[in-house]
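Following: one structure in structure tokens, then a few remarks.
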There are 2 protein chains.
Amino acid sequence: MGENGSPERLGGSVRKVTLADVAAKVGVSAITVSRALRSPEKVSKTLQRKIKKAIADLGYVPDPAARALASGRTNVIGVLIPSVTNNVFSDVMRGMYEAIEPTTFDLQLGNTRYSPLMEEDLLKVFLSQKPAGLVITGIDQSKTARTMLQSATCPIVQIMETGPNPIDMMIGFSHYDAAAAATTHLIDAGSRFPAFVGARMDPRTQRRFAGFKDTCERAGVFSRERLITTPEPSTVTLGASLFANLISQQPEIDAVLCNNDDLALGILFEAQRRHMAIPEELMICGFNDLEMMAVAEPPVTSVRTHRHEMGRRSIEMLVRQIENPDAEASKIIDLGFDVISRRSTARRGPRLGS
Amino acid sequence: MGENGSPERLGGSVRKVTLADVAAKVGVSAITVSRALRSPEKVSKTLQRKIKKAIADLGYVPDPAARALASGRTNVIGVLIPSVTNNVFSDVMRGMYEAIEPTTFDLQLGNTRYSPLMEEDLLKVFLSQKPAGLVITGIDQSKTARTMLQSATCPIVQIMETGPNPIDMMIGFSHYDAAAAATTHLIDAGSRFPAFVGARMDPRTQRRFAGFKDTCERAGVFSRERLITTPEPSTVTLGASLFANLISQQPEIDAVLCNNDDLALGILFEAQRRHMAIPEELMICGFNDLEMMAVAEPPVTSVRTHRHEMGRRSIEMLVRQIENPDAEASKIIDLGFDVISRRSTARRGPRLGS
DNA sequence: CTGTTAGCGCGTTCAC
DNA sequence: GTGAACGCGCTAACAG
């Protein structure tokens with residue numbers, strides 16, 4: 001091989017291989033190598049080959065910081081999510097990762113912890129990195145955050161929810177309508193004393209509760225006594241204990257709309273512990289339709305939301321805008337929801353299998 | 001206010017506020033502002049105040065790319081995780097975010113999808129960003145990846161598992177021992193026909209199976225017929241269907257060690273559907289002890305691993321090394337595990353509460 | 001299709 | 001305690 005086959009080492013630490021090194025080895029200028037990397041169509045086939053080989057031989061990796069500084073752009077798409085450790089967002093993130101993989105963009109996650117202030121701070125950090133695009137959760141950004149977003153130069157998509165004043169693009173569904181539909185389902189199935197179990201009341205939860213409340217009122221079955229919430233985040237355990245509290249105060253309850261499936265599962269377990277017949281004595285409806293709800297025994301009715309698709313398409317929308325800024329695109333996409341009604345499939349007879 | 005109070009706009013887009021702008025406003029040189037930001041103790045109190053005010057007035061935000069280029073460092077800690085959407089890693093990540101918050105570092109997540117090749121690629125990307133530190137999952141890096149890591153100049157911590165040849169630091173536990181302990185628990189409780197239910201057999205799962213197998217063999221109760229796996233990732237639904245398959249082939253099974261709690265929960269539901277008495281007819285043992293296992297009805301025995309602590313301490317270890325590179329620190333931390341044995345707390349009598 | 005020149009915004013290294 | 005000069009690695013804008 002040539003005069004300089006592998007990354008040279010000076011005093012034990014590797015000296016960075018730069019564009020100039022590659023250029024020198026091939027006998028061209030740095031900019032040509034740069035072009036071969038970013039717009040190969042502008043470089044002759046022969047050079048492309050030689051450059052590619054030199055890059056491999058030298059083990060050259062572009063420096064993203066230098067690239068960002070020189071060009072004023074990055075290939076990072078920033079994603080602001082209330083809780084990266086929440087099942088609901090797991091599905092969204094899975095969709096995002098799927099969509100980002102075939103592209104040259106990278107995803108960078110930020111954890112806002114449901115705090116508008118943290119969201120603002122993270123936004124500042126993200127914007128300082130000149131992202132290629134931004135995903136942000138919900139429609140309840142602080143005034144400051146909205147201002148920052150509006151003056152950002154990259155495409156932005158708000159996810160999880162639809163609403164009247166998109167910053168740029170938007171993909172989600174109406175939490176109010178979804179809760180209203182679930183409530184209607186419970187009432188149609190015969191509930192006269194429906195309850196709502198929430199946990200931490202973030203803005204989306206509040207809109208769900210509004211959908212529940214209005215629907216109940218219209219049917220003449222609303223009572224504020226049948227609402228229970230706490231400031232804590234949802235867990236299965238919390239669902240069980242909230243329900244235990246609630247049912248001891250309001251024993252007439254015949255149906256529960258839960259703010260999410262974790263709470264619903266906890267209620268299911270607590271009901272089993274109390275030998276309550278489901279759904280005869282108690283109808284349970286979750287929210288999100290996590291994978292496990294279909295196989296729970298007894299199975300749990302839930303509101304299916306299209307989280308995976310939402311994640312995937314949010315990234316696709318961004319990438320399309322980034323690569324083709326002037327193309328007209330639908331700005332607001334409502335993915336809707338489905339109330340998935342389930343009944344037990346358990347055998348009525350004795351045990352099987354031995 | 002002065003000659004230049006707010007970010008100037010040129011043609012509708014904000015011109016970036018730089019160090020020089022702040023410096024000009026205060027009447028000092030750029031480097032002084034830089035120092036005021038990074039080592040305030042080297043700048044007089046008066047100047048500090050004036051500079052801070054100017055920064056706020058101008059809305060100056062440092063450019064991380066320029067900073068990285070000039071200094072050769074960043075404040076990013078890179079985290080490579082097989083699946084950011086897996087419950088197990090959610091707890092780890094929660095711990096990491098907790099630990100990173102009081103520091104000046106940022107976390108950047110990479111999703112390796114359990115693929116050593118993707119891990120290699122992401123590692124290359126991460127290293128090109130000159131991270132302040134790296135977290136990487138497990139001890140099964142490819143040879144190339146190990147080489148890259150070994151010649152990295154930042155501290156590195158391997159998580160989830162302990163083993164003989166740490167790249168740098170390590171925090172985790174022995175999956176072999178944990179599975180062996182759980183198996184012993186099942187055998188001591190009377191199992192003569194224990195089964196192992198896995199899903200995708202990643203390296204950690206394989207070591208768990210080895211612990212199960214060796215323990216069973218020592219007790220004379222091993223049979224390869226009582227092992228079931230698939231290439232798919234674990235879900236609750238998958239647990240139910242794998243168990244349905246397994247029990248129809250091997251009806252004598254009296255205990256199941258599951259590779260994780262999702263599978264265990266699916267098995268629990270499937271067993272309920274078949275009206276099998278738990279634990280009399282079937283003992284179920286999960287792995288990880290997710291929050292929901294304690295409240296499941298009947299409750300499920302599981303192996304508790306200290307994932308949250310692992311995440312938190314991995315970051316703490318890194319930060320300590322970064323800020324104090326020569327301090328001696330324990331390189332390998334074994335967090336251990338606990339077999340949490342559970343029995344039903346359901347009331348034996350009739351339904352309560354109405 | 002390829003090269004030249006200039007500079008992105010900041011930190012390092014020295015000087016004062 | 002503060003400043004001047006230089007360069008990090010790359011790309012934009014123009015030239016040929």
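A, B, ... follow the sequence lines: proteins, then strands. Residue 1 opens every chain.
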Would you please confirm or rule out a distance under 4.0 Å between OP1 or OP2 of C/dG9 and any side-chain N or O of B/T18? no
By nearest heavy atom, map A/A70 and B/V43 onto DNA chain D; which one lands nearer the 5' end? B/V43
Minimal heavy-atom distance between A/L149 and A/I156, with the atoms involved, is O-CD1, 3.3 Å
Rounded to whole Å, how long is the line connecting atom CG of B/L37 with atom C1' of C/dG11? 12 Å
For C/dC1, take OP1 and OP2 only and decide whether either is under 4.0 Å from a side-chain N or O of A/S44. no
Check whether any side-chain N or O of B/R38 sits under 4.0 Å from OP1 or OP2 of C/dG11, and answer yes or no. yes
Of the non-hydrogen atoms in B/I139 and B/G163, which two are nearest, and what is the gap between them? CD1-CA, 4.3 Å
Between C/dC10 and B/S34, is there an OP1 or OP2 to side-chain N/O distance shorter than 4.0 Å? no
B/S71 vs C/dG11: side-chain N/O to OP1/OP2 distance below 4.0 Å: no
Integer-rounded Å distance: D/dG3 P and B/L19 CG: 13 Å
Could you tell me whether the side chain of A/R35 has a donor or acceptor atom within less than 3.5 Å of a complementary atom in the base of C/dG3? yes
Over how many whole Å does the gap from A/I31 atom CD1 to D/dA12 atom P extend? 7 Å
So do A/E101 and B/R113 actually touch side chain to side chain, heavy atoms under 4.5 Å? yes
Measure NZ/B/K130 against C1'/D/dG9 and give the value in whole Å, please. 8 Å
Atom-pair distance (NZ on B/K45; C1' on D/dT2), nearest Å: 17 Å
Is a donor from one side chain sitting under 3.5 angstrom from an acceptor on the other, for A/E120 and A/Q141? no
Distance below 4.0 Å between A/R67 side-chain N/O and D/dT11 OP1 or OP2: yes
Considering just the side-chain nitrogens and oxygens of B/S29, establish if one lies under 4.0 Å of OP1 or OP2 belonging to D/dT2. no
Interatomic distance, A/K16 NZ vs D/dC8 P [rounded to whole Å]: 13 Å
N-O pairing of B/K25 and B/D21 below 4.0 Å: no
Can you tell me how far P of C/dT13 sits from NZ of B/K42, to the nearest Å? 11 Å
Taking OP1 and OP2 of C/dC10, is either one under 4.0 Å from a side-chain nitrogen or oxygen of B/R73? no
Integer-rounded Å distance: C/dG11 P and B/L69 CG: 11 Å
